[in-house]
Each structure stands twice: as structure tokens, then as C-alpha cells.
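What follows is one structure encoded as C-alpha cells, with my remarks underneath.
All figures in this text were calculated on a predicted structure; none of them were measured in a lab. Below, chain A is the first sequence line, B the second, and so on; all start at residue 1.
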Amino acid sequence: MNVKDRIAEVVESALRSAAADGVLGPVDLPSAKIEYPREEKHGDYSTPVALESARVLKKSPLEIGAVLKPYIERSELADSVEVVKPGFINIFLSPEFLFSRMEDVLGEGDSYGRQAKPIPRRVNIEFVSANPTGPLNIVSARAAAVGDTLANLLEACGDIVEREFYVNDFGNQVILLGRSVLCRYRELEGIEMEFPEDGYHGEYVRDIAAHIRDNYEREVNAIASEEALIDFMAGRAVEYNVSGQKRDLERFNVNFQRWFRESVLHADESVEETLRTLVELGVIYEEEGKKVFRSTDFGDDKDRVVVRDDGRPTYLLADISYHRNKKERGYDLIVDIWGPDHHGYISRLAGAMKALGCPDEAFRVLIAQQVNLVMDGEMVKMSKRLGRFSTMRELIDEIGIDVARYFFIMRSMESHLDFDLALAKRQSSENPVFYLQYAHARICSIFREAEKRGFAYDAAGRDASRLRNPEALALLKLLARFPEEIADAAAAFEPHRIASFLMRLAQAYHRFYTEHRVLAEDQVEANSNLALCDCVRIVMKNGLGLLGVSAPEKM
RNA sequence: GCGCCCGUAGCUCAGCUGGAUAGAGCGUCGGACUUCGAAUCCGCAGGCCGCAGGUUCGACUCCUGCCGGGCGCGCCA
């Protein structure tokens, strides 16, 4: 159990004991709220339970606090407890307790921060899912970084997570891609052909055409009808794009367990079956030869067509079918991360999930907001069809994996992000990523130095009294908080919290380093300092690992 | 017109399910290396938290209405 939960337990049991002793009326609180005070002088943890229960208990918050104080003070975690001003109960952790946390860090090592769950949830998280019509763009890169980190966080909390990519390899856009490629193919053969009006204009389409000519020329020549030819081109182009996307993602440290093809749902009649299910549920009606899903019953502002009057299913039906498939795989939680242009789509799909009997809390759609790529202060607009876009690959080539991942993760995913490519590259030496990595490398360097000097580091030789200075205590507090930061970030689906936590940790470390000579003359002091450094190194490495950022030993 | 996201320091953004005197990075300016990595540290400056009401012990946070920016509002995917 992490420290925050333990504090909550202490406060809750204080309330119960006080009630049992008859010094306080019974209060019905689901769980005690525990906060981090903004200011140091207000303690390490703080709880407003006295304020919140004042009305029910018909006592002033300060009175309630005074009653609870001795009960809380009994805990070994607390050094002292203060009841102040409006009625906050502030708890100061005991240095001995903090010092004892180091055992966890050193003992658990690489797995410190990870928590087991008695009953792990099976979670499916689908993200990126870019159309297979071209290379991945910057928004996909953001989704990739955020989604993968979120998956890491859920795993660290003891869930079993599957990362999934949905490939929309079906429908008009694929045909359009096929036509665009065919056009470029003909061009290579010196044959003029009118380019489709809404076709894909990007240079990469020429690459695909060349790739097909190099590898499948014989097959192409054997195909008679233009329709079949377009189909063939489309199929090859999709494979080309998907494998390219896969390669870029792997390079970005993002590995999907499952690549799910939309075409499969059409081929194995899942789509029709889903329609039948919906009809049986009574949520489908017919109108002018079309089949319409009564999504307004589930909070949508308009009913949605799922089968056109010519019998072809719409994208929505396929998507419902896809999510039904996911639901039937038995996950406890299904998470989708979508782009900002799909937010209007949430209610209809969530409605369908509800109709299919999926509980609200088992399906969650997150929106990764837009990314404005800024180049020297100027906004670069992206449009795949017009062929003007910067790819994820270009981004990584420019600034590297670590910087890219960190930049995407350090902001909350709901915020619109201005990504200044030139800035990220130009100022790379003053980059926050390097600040974190430097803290890690610095520690590694100290251990190398210790070895060079022939100092025999022994963590068991550490002594609590040597770490009572403010800088060391600040570090110890942060180290103790790491597991709860992970739990909180995962519960809120907010990976960026880990980034800011690591920033604070690095800051605290650099401060400690400046104030104290780690390799002190005194053996006990040196061992104590090194043990603390080792703990920081472990947490920094584990934290960066969650973000998918490397923790170099030298820079 | 309707819906969603955003509006916080010069810039980019945090602010934990409503909490105490609103923070960080970058940028500006001024300090700190003969000693473990100065890719660092310390300090100064910088704010009617878009505007106006409301809810309560308490609002950057929740509600309503405006203003401004972005994105959606397909029988495209």
C-alpha cells in the first residue's frame, strides 16, 4: 500500500476510534481525502476531513481537528500533527519512516513503483489507429506517446493491458488510395491518366507506385479490369503503409499486441451479425429503406444511419461491430484514444456500447487534442490529401525519440499543443528531457567515481541521521511518493503527471547535489548519500521507463 | 445555430476528484566552478487565472451568460 493510502487509513481509523471512544459523533465518509499541501510549512500531507464533517458533527472544524490530532499522532508515520486556521489537519511524516522507505526502493529496484492488484483488470487500449493511407503524422505521434505511456502506467498498477491498433482497410478511402496509386503507376509507365479529384497527392504515393512496380509488375500486368487493378493497388498500398506505420511506431518504442483489420469484420459477417443483435435489442428502425440506430435513446443528439438504402453498412456499423468484438473478448475496461476531429462521434459509439450492455465505466474514450506544428514561430497546417504534412518519422529524425516522447507526454492530452520543431531541436541542450536524463547520468557518474577511488559502497552502511538535512528529506519524500503518483496518474488517465513528478525529482536532486558532497570523507555519510543517490537513480530510471524515455548513464 | 476542447507570467504549459499566500520550464537581468559532470545551482523581475454574475466556510477548479481561438456537427473513414 502506498503512503497516501496509509495516511488515509490512519485518518479514517482516527475518526472511527474517536467515535468509539465517544469523543466525536459518528461520521459517514466514504474515504478520507488526502492532499499535498502547497506549502511546506503545512505539512507533507493534509486532510480537510474536519472541514467537511463540521456540518454533520455540529462542531467547529478546529474542535474536530483537536479531537482527531492525538489519534493521528499515534501512527508511526506521523512525526507531528497540526490543526490550523480554517480546520485543516496537517501531517508531517517522521524522518524515520521516510528513511525506512529506502528499503522498498533498494529492495524492489527496477520494479519499485509497480503495484500488484488482487484482481487485475484486463484492459484494452486502442490508440493511433491512423488510416492506412499514408505515413503517420504528428497527431498520431502524440497519440502514440500518450497511449503507450498510459498503457505502461496501467500495467504498473497491476492491470493486464493489451495495446491495439485498428486498421481501417475498408471503404472509399482505400479505393481512392488505390486509384491515386494506379495513377502514379501509369505515370511511371509514361501513360497519362487523370488524377482523382480528391486523391492523395503526397509524394509518398509515387513511392508506393514505384514499390509496386519493382515487386509486383508481373501480377499487375496480369490483371485485366481496371476495377481489379485499383483493388490490387489499394491492397498493396495498404500493406505498404501499415508496415511503414508499424516500423515508425516500433522505433518510437510503441509496440502493439494486436493490429485489427476492419476488413475482417466485413469478411466474416460480424457486421451483419452486429446489426441483427441491434435489431433484436430493438434499437434499430427503418426509414426510407435505411436502417437507423436510435442513438438518441443513449444521449446522442441525432439518430444515426447504420445501413444505407443500397444495403451497404456505414462506417459506424463497422465500428460498433469492432467494439462489440472487443467487448466480447471480455475486457474489464476498453479505452480508446481518438483525435480531436472525432469527439462528436463519442456519444453515438458510447450509445451503441450501452445498448450492447457494456457498463458506462467499462468504456472510456479519451481525446488527444490537436498538435500545431510550429516552425520558426509559424504554424504549419497539415493535410494528408494535399500532401502537406510533417510525418512522425521526420519529427523523430529531427529531435530524437526521447525528446519527442517527453514533449508529447509532458502536457495534458486535452490541451492543444504548440510544438515548435525548430525550438525543440535548437534548444535541445536546455531541454527538460535532458534535465531529467542529466540527473540520472550524474548519479551514475558519481558511482563510477566512487569505484575509481576504490570506495566500497555498501547500502547497509547507511545511517538515517546523515540524511536529516532539508535537501535529503525532500528527496526521501519524493521517493516515497512515486508509487502513489503512478496510481493517481493511471486512475485519472493522465500520463503527464509522471513527467512533472520526475521534473520535481530531478530538481530536488540537483539541489541536493549542489549542497552536499556525496562522496564525503566520512564512510557512513558517504554510504548514506550514495544509498540516497541510488534510490533517486532507480526512481528516475523507472519513471523515464514508464514514459518510454531512455535513462542514459553518460551523456 | 448546436456540441466538444482551449483561454493562467513575454512564450509554452502545470495547478492533484472545490482547499491555505496561483507554480514550472524557456526567455530577460544579476550572482555561484582549483574539489564527486556548471547539460547544474541561487536570486530579481514578471499575474484583476478571458469578462460578468451565481453556488458555499472556501472557486483557477463547479453552474449560467457573454468574448476570443481551435475542432466537429455525412448515408466519409
Side-chain angles (χ1 to χ4, degrees), chain A residues 33-39 41-42 46 48 51-52 54-55 60-61 84-88 90 131 133 168 170-174 176 198 262 288-292 301-302 304-310 312-316 318-319 339-347 367 369-370 372 374 377 407 410-412 414-420 423 427-435 437-439 441-450 452-453 455 484-485 488-489 491-492 494 496-497 499-500 503-504 506-507 509-520 526 529-530 533 554-555:
Chain A
K33 194 188 289 178
I34 306 296
E35 296 163 347
Y36 304 115
R38 221 175 348 231
E39 286 195 57
K41 66 175 178 186
H42 291 136
S46 167
L51 286 159
E52 286 167 346
R55 190 174 306 191
S60 84
V84 288
K85 287 193 252 172
F88 289 103
N90 298 330
N131 288 332
T133 52
N168 297 125
F170 188 89
N172 292 336
Q173 60 177 0
V174 176
L176 193 58
D198 307 322
E262 180 186 354
E288 296 166 19
K290 296 165 283 200
K291 294 191 171 35
V292 185
D301 37 54
K302 197 178 152 189
R304 308 290 171 174
V305 172
V306 288
V307 180
R308 304 172 176 97
D309 51 12
D310 63 2
R312 284 155 55 233
T314 63
Y315 176 78
L316 176 62
D319 212 14
D341 50 338
H342 284 74
H343 62 70
Y345 195 78
I346 298 176
S347 53
I367 298 293
Q369 273 298 338
Q370 67 185 83
N372 293 321
V374 180
F407 266 60
M410 73 179 173
R411 306 304 186 201
S412 75
E414 299 85 39
S415 73
H416 301 199
L417 176 66
D418 279 358
F419 199 119
D420 194 324
L423 196 78
Q427 301 190 329
S428 63
S429 65
E430 313 240 328
N431 216 294
V433 193
F434 294 107
Y435 183 79
Q437 293 180 321
Y438 180 59
R442 218 177 193 188
I443 294 170
C444 294
S445 160
I446 293 174
F447 276 93
R448 283 193 298 268
E449 178 67 20
K452 205 190 322 176
R453 294 185 192 180
F455 181 82
E484 64 208 46
E485 290 282 349
D488 289 347
E494 292 182 346
H496 74 273
R497 290 200 205 178
S500 46
M503 178 61 76
R504 289 198 300 278
Q507 218 156 32
Y509 180 73
H510 288 311
R511 200 163 295 165
F512 170 81
Y513 179 90
T514 309
E515 292 296 320
H516 304 278
R517 169 150 290 274
V518 176
L519 298 175
N529 287 338
L530 281 170
C533 287
K554 283 182 187 174
M555 292 177 70

Could you write out each protein N or O paired with an N or O of nucleotides 3-10 of chain B at a distance under 3.5 Å?
unit_1, atom_1, unit_2, atom_2, d
B:G3, N2, A:His343, NE2, 2.7
B:C4, O2, A:His343, NE2, 3.4
B:C5, O2', A:Gln369, NE2, 3.4
B:C5, O2', A:Glu414, O, 3.0
B:C5, O2', A:His416, NE2, 3.2
B:C5, O2, A:His416, NE2, 3.1

Taking only N/O atoms, report every protein-nucleotides 41-45 of chain B pair under 3.5 Å with atom names and distance.
unit_1, atom_1, unit_2, atom_2, d
B:C41, OP1, A:Tyr435, OH, 2.3
B:C41, O4', A:Thr514, OG1, 3.3
B:C42, OP1, A:Arg511, NE, 2.4
B:C42, OP1, A:Arg511, NH2, 2.9

Contact state string [nucleotides 55-65 of chain B, B base, S sugar-phosphate only, - no protein heavy atom under 4.0 Å]: -SS--------

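Contacts of A:Lys302 classified as side chain to side chain donor-acceptor pair (under 3.5 Å), with partners at least two apart in sequence or in another chain: none. By the side chain to side chain donor-acceptor pair (under 3.5 Å) test, A:Tyr315 pairs with A:Asn168, sequence neighbours left out. Not counting sequence neighbours, A:Thr314 has no partner by the side chain to side chain donor-acceptor pair (under 3.5 Å) test. For A:Glu515, the side chain to side chain contact (heavy atoms under 4.5 Å, CB included) partners are A:Glu471, not counting sequence neighbours. Residues that satisfy the ring pair (Phe, Tyr, Trp, His ring centres under 6.0 Å) test with A:Tyr509, not counting sequence neighbours, are absent from this structure. Looking at residues two or more places apart in sequence or on another chain, you find a side chain to side chain contact (heavy atoms under 4.5 Å, CB included) between A:Glu39 and A:Lys41, A:His42. Applying the ring pair (Phe, Tyr, Trp, His ring centres under 6.0 Å) criterion to A:His496, with sequence neighbours excluded, gives no partner residue. In terms of the salt bridge (charged side-chain N to carboxylate O under 4.0 Å, His left out) criterion, residue partners of A:Glu494 (sequence neighbours excluded) are, by chain and number, A:Arg497.
Under 4.0 Å is where a charged nitrogen must lie from a carboxylate oxygen, and between A:Arg304 and A:Asp301 at least one such pair does. With respect to A:Asp310 and A:Arg312, a salt bridge is recorded, a charged nitrogen being found less than 4.0 Å from a carboxylate O.
Atoms CZ (A:Arg453) and C1' (B:G37) sit 12 Å apart, rounded to a whole Å. Regarding A:Glu484, its CD atom lies at a distance of 11 Å from the C1' atom of B:C16, rounded to whole Å.
Checking A:Leu417 against A:Arg448, the closest nucleotide of RNA chain B that is more toward the 5' end is the one next to A:Leu417.
With the 3.5 Å cutoff on both pairing distances, Watson-Crick and G-U pairs in RNA chain B assemble into runs of at least 3 at B:1-7 with B:67-73, B:10-13 with B:23-26, B:29-32 with B:40-43, B:50-54 with B:62-66.
With B:A77, B:G37, B:C71 as the choices, the nucleotide that has an atom nearest any side-chain atom of A:Gln173 turns out to be B:A77. Listed nucleotides: B:A14, B:A77, B:G37. Nearest to the side chain of A:Asn131: B:A77.
B:U61 sits 14 Å from B:G54 when the P atoms are compared, rounded to a whole Å. B:C2 and B:A77 are spaced 23 Å apart, taking the C1' atom of each and rounding to whole Å. Taking the C1' atom of each, B:G47 and B:U55 are spaced 26 Å apart, rounded to whole Å.
Ring-to-base geometry does not place A:Phe88 in a stacked arrangement with B:G19 (centre distance under 5.5 Å, plane angle under 30° required).
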